[in-house]
Amino acid sequence: MRPSRDVENAVRRQGEVRPPSTKKLDPAYEMTGGGTVEPRTARTLRVLHHYFMQQGLATDVAAELAELSRLQLHPRTAEQVLLGRRYIEFVVCGTILVNGRIWGGNYVLGNLDIFTEVPSIGQRERVQFLAETRTIRIPRDALRSRAVRDLSVVRMIHQRLMSYVNEFEWLYGTSTLAPICRVARLLHHLSFQQELGAEILIGVLDPNIVLGPSQRDFSEALGLGLATVEKSIRALRDHDILGSSTGTRTNRTYKINERARLRQIATGTALDD
């Protein structure tokens with residue numbers, strides 16, 4: 001997500017922008033690094049429509065954006081991939097690593113400053129999918145075409161940018177909190193976004209299980225030592241706030257037993273001895 005220019009300035013200029021014609025979607029609808037389009041079914045359309053309705057759009061606007069969009073499934077990747085320049089992707093669920101930071105649902109991949117030219121390769125984001133991730137992909141030109149005709153779409157974009165700024169400050173801003181509180185805050189955020197995704201993709205997700213980030217990912221994203229992160233997660237498990245994981249990827253699975261207590265720790269409450 002690159003809020004490279006104030007969206008409100010773009011709104012004031014929208015009368016000067018000529019809406020581009022909406023092109024048909026490429027059949028492959030591909031992004032460098034993989035990902036597949038989920039089948040275009042009545043259920044998929046309902047998911048897309050429901051998602052845009054949740055963003056505060058009117059039924060007819062949400063329906064039009066749903067027709068222009070596709071539900072995309074990205075498998076876990078071992079390396080970063082370069083985002084396609086022609087699309088915006090709204091993350092519904094999953095866990096991703098962008099510019100060294102961990103994000104869950106509610107993140108937006110791509111350049112949301114839709115009133116500028118497409119960014120050069122050096123400006124485009126690279127993303128690693130830490131877990132299976134579902135996104136809603138829409139052509140950037142199509143989103144711009146709808147935005148210049150409807151202020152509610154511009155408002156949705158502006159709200160997403162402001163949400164990103166607030167979440168970045170909450171998760172990664174300068175903090176005097178104890179390391180365990182910062183780890184708990186990121187885990188709670190990922191769990192909360194997973195819950196929102198579960199409301200859209202009913203029956204697909206367990207909001208109490210966060211998949212994807214290794215403890216090293218937490219360490220590098222939060223600027224904490226790996227031993228500090230390991231100690232914090234062990235303490236949360238010892239107090240049964242997190243469950244003990246089983247399987248071969250224990251450091252990538254976080255089962256949340258007590259979300260209320262996890263939130264308390266995330267807001268600065270000391271962990272009981």
Side-chain angles (χ1 to χ4, degrees), residues 1 76 78 91-108 127-134 160 162-201 204-273:
M1 182 184 300
R76 178 181 176 273
V91 178
V92 179
C93 65
T95 312
I96 59 177
L97 186 69
V98 182
N99 300 326
R101 307 296 190 184
I102 301 170
W103 300 98
N106 201 43
Y107 192 82
V108 181
V127 57
Q128 181 179 351
F129 297 96
L130 299 177
E132 185 176 86
T133 299
R134 282 180 168 84
R160 296 306 297 271
M162 293 303 99
S163 175
Y164 165 75
V165 170
N166 292 334
E167 288 174 0
F168 188 95
E169 180 63 26
W170 170 253
L171 296 172
Y172 300 115
T174 302
S175 175
T176 58
L177 289 177
I180 191 173
C181 297
R182 297 183 61 201
V183 172
R185 179 172 290 187
L186 183 49
L187 276 170
H188 183 270
H189 172 78
L190 295 174
S191 172
F192 177 73
Q193 297 301 336
Q194 189 88 330
E195 182 178 30
L196 295 181
E199 294 175 1
I200 299 173
L201 300 168
V204 175
L205 304 171
D206 183 344
N208 293 315
I209 295 180
V210 173
L211 297 173
S214 68
Q215 294 179 16
R216 184 172 297 280
D217 291 330
F218 276 98
S219 167
E220 294 176 355
L222 295 170
L224 299 172
L226 179 58
T228 300
V229 171
E230 292 173 343
K231 179 180 178 181
S232 298
I233 291 176
R234 184 165 58 249
L236 292 171
R237 284 178 171 153
D238 288 344
H239 286 74
D240 202 35
I241 297 173
L242 296 182
S244 298
S245 299
T246 59
T248 59
R249 306 184 75 101
T250 57
N251 66 329
R252 291 186 181 270
T253 303
Y254 308 89
K255 185 178 184 302
I256 299 172
N257 292 337
E258 297 192 38
R259 296 184 65 191
R261 288 186 67 195
L262 183 65
R263 176 168 178 76
Q264 289 177 344
I265 304 302
T267 55
T269 301
L271 190 64
D272 297 333
D273 293 332

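Note that the numbering runs from 1 along the sequence shown for the chain.
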Next on the checklist: Could you work out, with side chain to side chain donor-acceptor pair (under 3.5 Å) as the rule, every residue matching R185, not counting sequence neighbours?
Outcome noted: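 If we apply the side chain to side chain donor-acceptor pair (under 3.5 Å) test to R185, skipping adjacent residues, there are no hits.
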
Quick one: closest heavy-atom pair of [X] and [Y], and the distance?
{"X": "V91", "Y": "G104", "answer": "CG1-O, 3.6 Å"}
{"X": "P179", "Y": "S232", "answer": "C-OG, 3.9 Å"}
{"X": "G212", "Y": "A131", "answer": "CA-CB, 4.0 Å"}
{"X": "S191", "Y": "I256", "answer": "CB-CD1, 3.2 Å"}

How long is the straight-line distance from [atom2] of [Y] back to [atom1] of [X], given to the nearest 0.5 Å?
{"X": "I102", "Y": "L171", "atom1": "CD1", "atom2": "CG", "result": "9.5 Å"}
{"X": "C181", "Y": "H188", "atom1": "SG", "atom2": "NE2", "result": "13.0 Å"}
{"X": "R234", "Y": "Q215", "atom1": "CZ", "atom2": "CD", "result": "8.5 Å"}
{"X": "R259", "Y": "L262", "atom1": "CZ", "atom2": "CG", "result": "8.5 Å"}
{"X": "I96", "Y": "L190", "atom1": "CD1", "atom2": "CG", "result": "10.0 Å"}
{"X": "T95", "Y": "F129", "atom1": "OG1", "atom2": "CZ", "result": "11.5 Å"}

Next on the checklist: Y172: which residues meet the ring-ring contact (aromatic ring centres under 6.0 Å, His included) condition with it, sequence neighbours left out?
Outcome noted: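 Applying ring-ring contact (aromatic ring centres under 6.0 Å, His included) to Y172 gives W103, F168.
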
Checklist entry - Just wondering, are more than 12 heavy atoms of other shown residues or ligands nearer than 6.0 Å to CZ in R263? => result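 Result for CZ/R263: open.
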
If you define the side chain from C-beta out and look only at heavy atoms, does anything of [X] sit under 4.5 Å from [Y]?
{"X": "I241", "Y": "L271", "result": "yes"}
{"X": "N106", "Y": "F192", "result": "no"}
{"X": "L186", "Y": "P213", "result": "no"}
{"X": "T228", "Y": "L222", "result": "no"}
{"X": "R182", "Y": "F218", "result": "no"}

Item to check | Intermediate values then yes/no, side chain to side chain contact (heavy atoms under 4.5 Å, CB included), L187 and L236 | outcome: CA-CA 11 Å; L187 276 170; L236 292 171; 4.2 Å; yes

Spell out, as yes or no, whether a donor-acceptor pair under 3.5 Å connects the side chain of [X] to the backbone of [Y].
{"X": "R237", "Y": "L242", "answer": "no"}
{"X": "T133", "Y": "G94", "answer": "no"}
{"X": "S219", "Y": "L224", "answer": "yes"}
{"X": "Q194", "Y": "N208", "answer": "no"}

Item to check | side chain to side chain donor-acceptor pair (under 3.5 Å) between S163 and N166, worked out | outcome: CA-CA 5 Å; S163 175; N166 292 334; over 6 Å; no

